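Contents: one structure, followed by commentary.
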Amino acid sequence: MEILLDIIRSVDYNILLLIADKLRGGVLDPVMTVLSLMGNGGAVWIATAVLLLFFRKTRRAGAAMLLAMLVGFLVGNLWLKELVMRPRPFVTHSDLTALLAPGDQWSFPSGHALSSFAAATALWCFHKKTGVLALVLAALIAFSRLYASVHYPTDVLAGMLIGIALAHAAAFLTDRIIDTFHSIRLRKGDK
């Protein structure tokens, strides 16, 4: 098992080293910084979800996005990060420098990837075309965290997978809850 973990750690580090050596230092630096900042606190996703709540056609998507992100915050940021306590790549490897301030000290899982994929996947569950665009933005935000050397690839992968799973659960629950309330309202109208 230890050999497998060593291989994963080595691959994680080498991917970050490759990104830092081959991509960083040019015009992508400000682009990736902006993308990463868009994901801070799930800001772009929360704003999108709240906007979607105002329209009947998109209300379920907005509600599912918020639910997925809330549970993602609880699971990822408040539980897993504190349980695993994995140091950031630039802390562990002195040859990697952070492009920006990471926000907190722990690396696993990536909160940016988790919230981005939770929100984008929840949107995709209800609106496929718009959801695909959201998933592209989620992938760019997640990559920006690798580019900035503030997360390992496995941090981002874990955040992505957790976010996708939570989004599907949130979409299912949102549908059931709204349908239940709608049924209750219809029954009250019949009386």
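Any value given below was found using the heavy atoms of this structure, including those in side chains, with hydrogens, waters and symmetry copies removed. Remember, predicted model here, so these are calculated numbers, not experimental data.
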Going from CD1 on Ile164 to CG on Leu114, what distance comes out if it is rounded to the nearest 0.5 angstrom?
10.0 Å

The reported gap from CG in Asn14 to CD1 in Ile19 (rounded to nearest 0.5 angstrom) is 11.0 Å

Nearest heavy atoms of Leu23 and Tyr147, plus distance in Å:
O-OH, 3.2 Å

Run the side-chain hydrogen bond (donor to acceptor under 3.5 Å, both in side chains) test against Ser94 and tell me which residues pass, sequence neighbours left out.
none

When rounded to the nearest 0.5 angstrom, what distance separates CG in Leu99 from OG in Ser144?
9.0 Å

For His127, all residues meeting ring pair (Phe, Tyr, Trp, His ring centres under 6.0 Å), sequence neighbours excluded:
none

Under the salt bridge (Lys or Arg N to Asp or Glu O under 4.0 Å) test, residues paired with Glu2 that sit two or more places apart:
Arg9

Please report the closest heavy-atom contact between Ala142 and Phe117, naming both atoms and the distance.
CB-CE1, 4.0 Å

For the residue pair Cys125 and His168, what are the closest heavy atoms and their distance?
SG-ND1, 3.6 Å

Is there a path from Leu66 to Leu173 through hydrophobic residues (I, L, V, M, F, W, Y) whose side chains come within less than 4.5 Å of each other?
no

Answer yes or no: is there a donor N or O on one side and an acceptor on the other, between the side chain of Ser10 and the main chain of Ile7, under 3.5 Å?
no

Would you give me the side-chain donor-acceptor pairs under 3.5 Å for residues 30-51, sequence neighbours excluded?
| residue | atom | partner | partner atom | Å |
| --- | --- | --- | --- | --- |
| Thr33 | OG1 | Asp29 | O | 2.8 |
| Ser36 | OG | Arg145 | NH1 | 2.7 |
| Asn40 | OD1 | His112 | NE2 | 2.8 |
| Trp45 | NE1 | Ser116 | OG | 2.9 |
| Thr48 | OG1 | Val44 | O | 2.7 |

Does atom CD1 of Ile3 have more than 12 heavy-atom neighbours from other groups under 6.0 Å away?
no

Test of understanding: clusters of I, L, V, M, F, W, Y form through side-chain heavy atoms closer than 4.5 Å, transitively. Do Val91 and Phe108 belong to the same one?
no

Kindly say whether Ile8 contributes a backbone atom to a donor-acceptor pair with the side chain of Tyr13 at under 3.5 angstrom?
no

To the nearest 0.5 Å, what is the distance between CG on Asn77 and CG on Asp104?
6.5 Å

Ala167 to Ala118 - nearest heavy-atom pair and separation:
CB-O, 3.2 Å

OG1 of Thr97 to CZ of Phe90, rounded to nearest 0.5 Å, is 9.5 Å

Between Ser110 and Ala113, is there a donor-acceptor pair closer than 3.5 Å when you use the side chain of the first and the backbone of the second?
yes

Are Ile15 and Leu96 linked, directly or through other ILVMFWY residues, by side chains that come within less than 4.5 angstrom of each other?
yes

Going hydrophobic residue to hydrophobic residue with side-chain gaps under 4.5 angstrom, can you get from Leu80 over to Leu74?
no

Cationic tip of Lys81 above Trp79 ring, under 6.0 Å, 45° of axis
no

Taking salt bridge (charged side-chain N to carboxylate O under 4.0 Å, His left out) as the cut-off, I'd like each qualifying pair that reaches into residues 156-176, sequence neighbours left out, listed once.
Arg60-Asp175

Kindly say whether Leu52 contributes a backbone atom to a donor-acceptor pair with the side chain of Thr58 at under 3.5 angstrom?
yes

Less than 3.5 Å apart, which donor and acceptor atoms pair up between the side chains of residues 150-162 and the rest of the protein, not counting sequence neighbours?
| residue | atom | partner | partner atom | Å |
| --- | --- | --- | --- | --- |
| His151 | ND1 | Ser107 | O | 2.8 |
| His151 | ND1 | Ser107 | OG | 3.4 |
| His151 | NE2 | Arg88 | NH1 | 3.1 |
| Tyr152 | OH | His93 | NE2 | 3.4 |
| Thr154 | OG1 | Asp12 | OD1 | 3.4 |
| Thr154 | OG1 | Asp12 | OD2 | 2.5 |
| Thr154 | OG1 | Arg86 | NH1 | 2.8 |
| Asp155 | OD1 | Arg86 | NH1 | 2.8 |
| Asp155 | OD2 | Ser107 | OG | 2.2 |
| Asp155 | OD2 | Tyr152 | N | 2.8 |

Looking at Lys128 and Trp124, would you say the former's side chain and the latter's main chain have a donor-acceptor pair under 3.5 Å?
yes

How many angstroms lie between CG in Leu16 and CZ in Arg24, if you round to the nearest 0.5 Å?
9.5 Å

I would like to know whether Val84 and Trp106 meet side chain to side chain contact (heavy atoms under 4.5 Å, CB included); could you show each step before the answer?
CA-CA 8 Å; Val84 175; Trp106 305 125; over 6 Å; no

Would Leu166 end up clustered with Leu123 when hydrophobic side chains under 4.5 Å apart are linked, directly or stepwise?
no

